[in-house]
Chemist: 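Pasting a structure below so you can have a look.
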Amino acid sequence: MPELPEVETVRRGLEQFIVGLTVVDAAHDTPKSFPNAESDVNEFLINSTIISVKRRAKVLMIELSTKYSLVIHLKMTGQLVYVNNVERFGAGHPNESLIGQLPDKSTRVTLTFADQSSLFFNDQRKFGWVRLLPTAEIVNLDFFKKVGPEPLNAEFTWQELHSRLQRRKNTSIKAAILDQTVLAGIGNIYADESLWGARIHPATLVKNVSATKIKLLFTAIQAVLTQSIAEGGSSDRNYVDAAGNRGQYLKFANVFRREGQPCNRCGTVIIKTRVATRGTHTCPKCQPEPKKLPV
DNA sequence: CACTTGACCTGTCCGC
DNA sequence: TGCGGACAGGTCAAGT
């Protein structure tokens with residue numbers, strides 16, 4: 001669920017809300033959600049000031065004045081919701097209605113700021129995490145060493161996508177673009193949407209996808225991610241942004257969660273199957289199944 | 001090394 | 001109505 005557009009939307013909200021604030025308290029429930037020594041929390045988080053909020057792939061980094069950062073992965077059901085106080089923003093602020101709604105039973109970590117506003121990390125399924133790490137060490141995490149390029153970076157080209165995909169030439173194109181070491185930020189929603197855009201069946205083996213098709217896929221990935229960021233991401237289940245608002249992208253989705261509905265290009269009924277162990281949405285006419293090789 | 005599968009969790013939905 | 005099981009999907013560890 002939170003994929004690149006959702007995480008980027010959260011980042012933009014947090015940048016607006018928390019940069020410049022000073023942390024005065026940090027509370028958490030399970031060590032799994034926030035596996036940090038109390039001594040580090042006391043020394044490097046409490047009384048620190050938020051310097052910036054960054055994103056790489058699906059990971060958020062809240063940079064602190066102590067040369068430490070909070071590194072956060074939302075995984076499937078994570079939320080980062082900022083709840084202001086009326087003193088700071090005045091009555092009628094968009095997320096004013098959240099006051100008193102949080103924490104709830106999914107709240108794993110609560111940061112309280114000097115102005116008594118709060119940031120809640122909620123995560124129903126406890127797959128996500130928050131880690132307090134020295135900012136300089138983030139690049140040394142295994143994930144950051146292996147993760148592929150940002151698909152919306154200006155330097156990223158279709159030729160580079162083509163080249164990186166060749167490492168996964170015997171797997172399906174869907175599994176390959178979900179592989180974060182090939183390309184950063186794609187998850188199930190945008191994999192299906194991008195493959196529909198390029199008219200490629202998700203089960204097609206990478207080695208059978210032509211360079212022309214990969215060029216179309218590159219264009220589709222950028223278009224889909226850009227539009228989703230503009231719509232505040234996709235709220236399939238419980239994704240919300242930093243102000244607690246749902247994203248609107250699924251109103252514009254062409255295949256994801258549209259099984260049984262007509263294809264926006266050709267009218268054929270969208271079907272849901274399983275590819276790369278994931279629920280997969282396709283138009284059977286625009287994205288014909290790959291031919292089976294003779295036995 | 002390439003590739004696939006299972007584990008991690010909990011809330012929701014579907015069938016009996 | 002209650003209950004068991006399937007399902008949701010990001011990432012990593014372990015398996016082939």
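Here is the naming used below: chain letters follow the sequence lines, and residue numbers restart at 1 for every chain. Just so it is clear, the values below take in all heavy atoms, side chains as well, and ignore hydrogens, waters and symmetry mates.
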Chemist: Can you tell me the distance, in whole Å, between the CD atom of Q79(A) and the C1' atom of dG9(C)?
Modeler: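 From Q79(A) CD to dG9(C) C1': 16 Å.
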Chemist: Which pairs pass side-chain hydrogen bond (donor to acceptor under 3.5 Å, both in side chains) with one or both residues in residues 126-136 of chain A, sequence neighbours excluded?
Modeler: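 Listed once each, the pairs are S69(A)-T135(A).
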Chemist: In plain terms, say whether R12(A) and E15(A) are close enough for a salt bridge, that is, a side-chain N and a carboxylate O under 4.0 Å apart.
Modeler: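 No, no charged N to carboxylate O under 4.0 Å.
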Chemist: Are the charged groups of E3(A) and K58(A) less than 4.0 angstrom apart, N to O?
Modeler: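 No, this pair does not count.
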Chemist: Round to the nearest Å and state the distance from F144(A) atom CZ to dG10(C) atom C1'.
Modeler: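 Going from F144(A) (CZ) to dG10(C) (C1'), I get 14 Å.
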Chemist: Under 3.5 Å, side chain of T107(A) to main-chain N/O of D104(A), donor-acceptor pair present?
Modeler: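 Confirmed, T107(A) side chain pairs with D104(A) backbone.
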Chemist: Could you state the CD1-C1' distance from I72(A) to dT11(C), rounded to the nearest angstrom?
Modeler: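 Roughly 17 Å, once rounded to whole Å.
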Chemist: Between C1' on dA8(C) and CG on L74(A), what's the gap in Å once rounded to a whole number?
Modeler: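 Rounded to the whole Å, the gap is 16 Å.
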Chemist: Taking only the P atom of each, what is the distance from dG9(C) to dC14(B) in whole angstrom?
Modeler: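 Looking at atom P only, dG9(C) and dC14(B) are 16 Å apart.
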Chemist: Heavy atoms only: give me the nearest H281(A)-R258(A) pair and the separation to one decimal.
Modeler: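 In this case the closest contact between H281(A) and R258(A) is CD2-N, 4.2 Å.
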Chemist: Would the F113(A) and F17(A) ring centres measure less than 6.0 Å apart?
Modeler: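 When the ring centroids of F113(A) and F17(A) are compared, they turn out to be at least 6.0 Å apart.
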Chemist: Touch check for K272(A), heavy atoms < 4.0 angstrom, all strands: base, sugar-phosphate only, or nothing?
Modeler: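 Counting heavy atoms under 4.0 Å across all strands, the contact made by K272(A) is with sugar-phosphate only.
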Chemist: Would you tabulate the nitrogen or oxygen pairs shorter than 3.5 Å linking the protein to nucleotides 9-13 of chain B?
Modeler:
| unit_1 | atom_1 | unit_2 | atom_2 | d |
| --- | --- | --- | --- | --- |
| dC9(B) | O2 | R125(A) | NE | 2.6 |
| dC9(B) | O2 | R125(A) | NH2 | 3.4 |
| dC9(B) | N3 | R125(A) | NH2 | 3.2 |
| dT10(B) | OP1 | K126(A) | NZ | 3.0 |
| dG11(B) | O4' | Q124(A) | OE1 | 3.3 |

Chemist: Considering only dT11(C), dC7(C), dC3(B), which nucleotide approaches the side chain of N170(A) most closely?
Modeler: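 Between dT11(C), dC7(C), dC3(B), the one nearest the side chain of N170(A) would be dC3(B).
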Chemist: To the nearest Å, give me how far apart CZ (R168(A)) and P (dC1(B)) are.
Modeler: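 Spelled out: CZ on R168(A) to P on dC1(B) is 13 Å.
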Chemist: Write down the distance separating the C1' atoms in dC13(B) and dG10(C), rounded off to the nearest Å.
Modeler: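 My reading of the C1' atoms in dC13(B) and dG10(C) gives 22 Å.
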Chemist: Does a nitrogen or oxygen in the side chain of H73(A) sit under 4.0 Å from OP1 or OP2 of dT11(C)?
Modeler: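 Yes, such a contact exists.
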Chemist: How many Å lie between CZ on R278(A) and C1' on dC7(C), as a whole number?
Modeler: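 Computing the R278(A):CZ to dC7(C):C1' distance gives 13 Å.
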Chemist: Using the side-chain heavy atoms of R257(A), tell me which of these nucleotides is nearest: dC3(B), dA8(C), dG10(C).
Modeler: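 Among the listed nucleotides, the one closest to the side chain of R257(A) is dA8(C).
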Chemist: If I pick the P atom on dC9(B) and the same atom on dA14(C), what distance separates them, to the nearest angstrom?
Modeler: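 That atom pair is separated by 15 Å.
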Chemist: Does dC14(B) have a Watson-Crick or wobble partner in any strand here, with both distances under 3.5 angstrom, and which is it?
Modeler: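 Result: dG4(C).
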Chemist: Does dG9(C) have a Watson-Crick or wobble partner in any strand here, with both distances under 3.5 angstrom, and which is it?
Modeler: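 Across all strands, not a single nucleotide pairs with dG9(C).
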Chemist: When you group the ILVMFWY residues by side-chain heavy-atom contacts below 4.5 Å and let the links chain together, are L21(A) and V24(A) in the same group?
Modeler: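 No, it is not one cluster - the side chains of V24(A) and L21(A) are not joined through contacts under 4.5 Å.
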Chemist: Starting at atom CG of D179(A), determine the distance to atom C1' of dG10(C), rounded to an integer number of angstrom.
Modeler: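 Nearest whole value for this atom pair: 12 Å.
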Chemist: dC7(C) P sits how many Å from N238(A) CG, rounded?
Modeler: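 Whole-Å distance recorded here is 20 Å.
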